[in-house]
Structure formats: C-alpha cells, structure tokens
Amino acid sequence: MTTHAPQAAQAVTLPGSLDEAVAALAAMPWAVPVAGGTDLMAAVNSGQLRPAALVGLGRISEIRGWQYQDGHALLGAGLTHARMGRPDFAALIPALAAAARAAGPPQIRNAGTLGGNIATAAPTGDALPVLAALEAALVIAGPDGARREMPVSHLLAGMEMLRPGELIGFVRVPLLHAPQVFLKATGRTGPGRAAASVALVLDPARRGVRCAVGAIAPMPLRPLDAEAWVAGLIDWDGERTLVPEALQAFGEYVAAACIPDPAPEVDGSVPPLPPAVLHLRRTVAALARRALGRALS
C-alpha cells in the first residue's frame with residue numbers, strides 16, 4: 001500500500017514477441033521494461049522512480065518456458081519463481097528451484113521473474129548465487145533480431161552492461177546431472193529476505209565444487225580457493241564423502257574468504273570483527289558446511 005497515488009505512465013506498450021519488445025525500447029529509449037513488477041512497483045510507490053513509459057513483457061510467451069539445447073537448459077527470462085519451484089523444474093535444476101521456492105511470499109513468487117531478478121541485481125536476489133555457481137550465461141536480445149551472450153557474473157559485476165534497446169531474453173544453464181543445494185538464512189529486513197545465502201553444485205565431469213555466497217555483498221561471491229581445496233579432498237571415483245572436520249574447515253574457509261579479517265593496525269595487531277559481522281561470518285560458515293554436506297550425502 002502507498003499513501004500517495006503514483007504518477008501515471010504516459011505510455012504503455014504490450015508487445016507480443018521479444019523482437020517487438022526490443023523495437024519498442026529502441027523507439028522509446030526512456031521506457032522501462034516490466035514483467036512481474038515486484039521491484040519496479042516498490043520503487044514507484046517509494047517515489048524513487050517515475051517511468052515516463054512502460055514496455056510490458058507479460059504477453060511474450062516465448063520467454064515464459066524453457067527448452068533443452070546442447071546439454072544446457074535455455075530458460076526464458078519471463079519464468080516466474082512459482083513456475084520454477086514446481087517438481088518438473090526441480091528435477092532439472094534443483095538449486096534454482098529451491099531458490100525460487102524461497103523467494104518471499106506467494107504473491108512475490110507468482111509475479112516475480114527470473115529475468116527481473118537478474119536485471120534488478122538486488123544483493124538479496126535468491127536466484128543470483130545459484131546462477132553464479134552454475135556459471136550461467138545470458139542470451140541478450142538486441143535490435144534487428146541480434147542475439148549475444150554474456151556470463152551472468154559479468155552483468156552482476158558491471159563488467160558488461162545491457163546496451164540501449166537490449167533485453168535479457170534467456171538464461172543458458174548447464175545441466176550437470178549432479179547434486180546441487182541452495183540454503184539461506186533470513187533476517188528481520190523483510191519477509192523471506194536473505195541475510196546470507198549459499199549455492200553449491202558438484203561438477204563430477206570436471207571434478208569440481210562450485211560455491212557462491214549471496215546477500216552479503218553487492219554481487220554473489222565465489223570463494224575459488226576454497227572450492228579448489230575441497231574438490232581435491234573428494235574421492236570422485238568413490239563414495240564422495242568427507243569427514244566432519246573437512247566439512248567444518250570448508251565452511252570456515254568460505255566464510256573467511258567472503259568476510260575477511262580487518263587489515264592489521266600499525267602495530268601489527270588485528271582488530272576483532274564487530275559482533276554483527278562475526279555473526280554473519282558464522283552464518284555463512286554454517287550454510288556452506290551444510291550445503292556441501294547435503295550435496296555429498
């Protein structure tokens with residue numbers, strides 16, 4: 001609810017295809033694309049945004065499903081969290097389905113979309129650490145039917161940006177056919193909003209472990225050294241088990257990599273972490289330990 005009525009948009013366009021949406025954005029560079037609108041309407045109601053025009057994406061059926069393509073799943077950017085949370089999708093990409101089911105109350109899951117989660121790039125976006133751990137790529141639709149790809153991590157880190165008139169059309173995710181886990185801890189900042197989250201996937205073909213930590217930084221963090229260390233301990237040709245001490249050490253390794261100790265003082269002493277930060281580090285360690293334990297069980 002809002003105590004003031006937002007200013008009406010001057011124009012609303014409802015294209016029927018991805019290329020029509022791109023053409024509308026090219027014709028109206030000031031327009032804002034909208035799918036579920038869960039983040040957009042919050043910004044409008046708070047007075048942070050007054051769009052002069054909207055390009056609605058809700059009628060574009062081609063981005064509301066998925067297909068298989070060369071060992072990957074090509075996910076439409078218009079997939080809602082509710083749709084990704086269903087059993088058939090969970091059998092395809094379990095960690096992304098778990099993140100979708102954790103994405104707030106039903107009204108948010110029914111409206112919010114995968115592409116919106118990526119484009120908004122809020123640190124607490126539940127899908128983002130999963131996509132980072134899976135090393136997913138975006139298929140960007142541009143003018144005149146152009147398509148290009150970029151890693152999701154490049155967009156989230158600001159290494160590459162969407163150009164004028166471009167839209168996220170699809171997300172290409174490798175199908176690993178191996179255990180993958182998403183866990184999150186919630187705080188008091190909102191219903192279901194993550195204080196910290198961890199996505200972890202096993203990649204037996206490359207004998208690797210991939211982990212991404214979300215919500216504690218502007219973008220998901222990959223503790224690459226911790227991944228390499230624990231992957232070297234796993235017997236990939238055997239039962240893939242680790243002793244509890246190794247799981248504990250992995251959790252602490254991940255947490256220390258993502259939330260490092262303060263820089264030493266002039267006298268060489270290291271000041272302690274503030275209590276809230278120390279609690280967050282312990283939370284990340286617990287999530288990483290549990291995620292790896294579940295993936296290996």
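FYI, the numbering just counts along the sequence from 1.
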Side chain to side chain, Pro33 and Leu25, heavy atoms closer than 4.5 Å
yes

For Glu265, does its backbone N or O pair with a side-chain atom of Ser269 as donor and acceptor, under 3.5 Å?
no

Ignoring hydrogens and geometry, is there a side-chain-to-backbone donor-acceptor pair from Asn117 to Thr113 under 3.5 Å?
no

Is there a path of hydrophobic side-chain contacts, each under 4.5 Å between heavy atoms of I, L, V, M, F, W or Y residues, that connects Leu114 with Val139?
no

Co-membership, hydrophobic cluster, residues Leu175 and Trp66, 4.5 Å side-chain:
yes

Are any of the side-chain nitrogens in Arg207 or Asp237 under 4.0 Å away from the carboxylate oxygens of its partner?
yes

Identify whether Leu92 and Leu96 are in the same connected component of the hydrophobic contact network (ILVMFWY, side-chain heavy atoms under 4.5 Å).
yes

NE2 of His279 to CG of Leu273, rounded to nearest 0.5 Å, is 13.5 Å

So which heavy atom on Leu202 is nearest to which on Ala178, and how close?
O-CB, 3.4 Å

Rounded to the nearest 0.5 Å, the CZ atom of Arg86 sits from the OG1 atom of Thr80 at a distance of 7.0 Å

Pair Arg147 + Asp19, salt bridge at N-O below 4.0 Å
yes

Is Arg59 paired with Glu20 through a side-chain N to carboxylate O contact shorter than 4.0 Å?
no

Identify the two heavy atoms, one from Pro129 and one from Pro220, that lie closest to each other, and give their separation to 0.1 Å.
N-CG, 3.8 Å

Would you mind checking if Asp126 and Lys184 are paired as a salt bridge, meaning a charged N to carboxylate O distance below 4.0 Å?
yes

Check this for me: does any side-chain nitrogen of one of Asp88 and Arg83 sit under 4.0 Å from a carboxylate oxygen of the other?
yes

4.5 Å side-chain heavy-atom contact, Leu138 and Phe170
no

Is a side-chain N or O of Gln180 found less than 3.5 angstrom from the main chain of Ala95, in a donor-acceptor match?
yes

Do you know the tightest heavy-atom contact between Ala196 and Leu280?
CB-CD1, 4.0 Å

Before accepting this row, confirm whether a basic side-chain N of the pair Glu135/Arg222 lies closer than 4.0 Å to the acidic partner's carboxylate O.
yes

Indicate the atoms forming the closest heavy-atom contact of Ala195 with Ile216, along with that distance.
O-CG2, 3.8 Å

Nearest 0.5 Å, please: how far is CZ in Arg109 from CE in Met84?
11.5 Å

Connected via hydrophobic side-chain network under 4.5 Å: Phe182 and Ile118:
yes

Salt-bridge contact Arg172-Asp70 (side-chain N to carboxylate O under 4.0 Å)
no

Please check if the side chain of Arg64 supplies one atom and the backbone of Gly58 the other of a donor-acceptor pair under 3.5 Å.
yes

Measuring from Met219:CE to His154:NE2, what's the distance to the nearest 0.5 Å?
9.0 Å

Charged N-O contact under 4.0 Å between Glu166 and Arg148:
yes

Leu18 reachable from Leu155 in the ILVMFWY side-chain graph, under 4.5 Å edges:
no

Using a 4.5 Å cut-off on heavy atoms from C-beta on, say whether the side chain of Val198 contacts that of Val181.
no

Is there a donor-acceptor pair closer than 3.5 Å between any side-chain N or O of Trp236 and the backbone N or O of Ala231?
yes

Taking the side chain as C-beta and beyond, is there a heavy-atom pair between Leu167 and Leu57 under 4.5 Å?
yes

So Leu176 and Leu134, do their side chains get closer than 4.5 Å, heavy atoms only?
yes

Is there a side-chain contact between Arg281 and Cys258 (heavy atoms, below 4.5 Å)?
no

Spell out, as yes or no, whether a donor-acceptor pair under 3.5 Å connects the side chain of Asp235 to the backbone of Arg240.
no

Check whether any side-chain N or O of Arg210 sits under 3.5 Å from a backbone N or O of Ala133 as a donor-acceptor pair, and report yes or no.
yes

Going by heavy atoms in the side chains, are Leu75 and Phe89 under 4.5 Å from each other?
yes

Are any non-hydrogen side-chain atoms of Val55 and Pro15 less than 4.5 angstrom apart?
yes

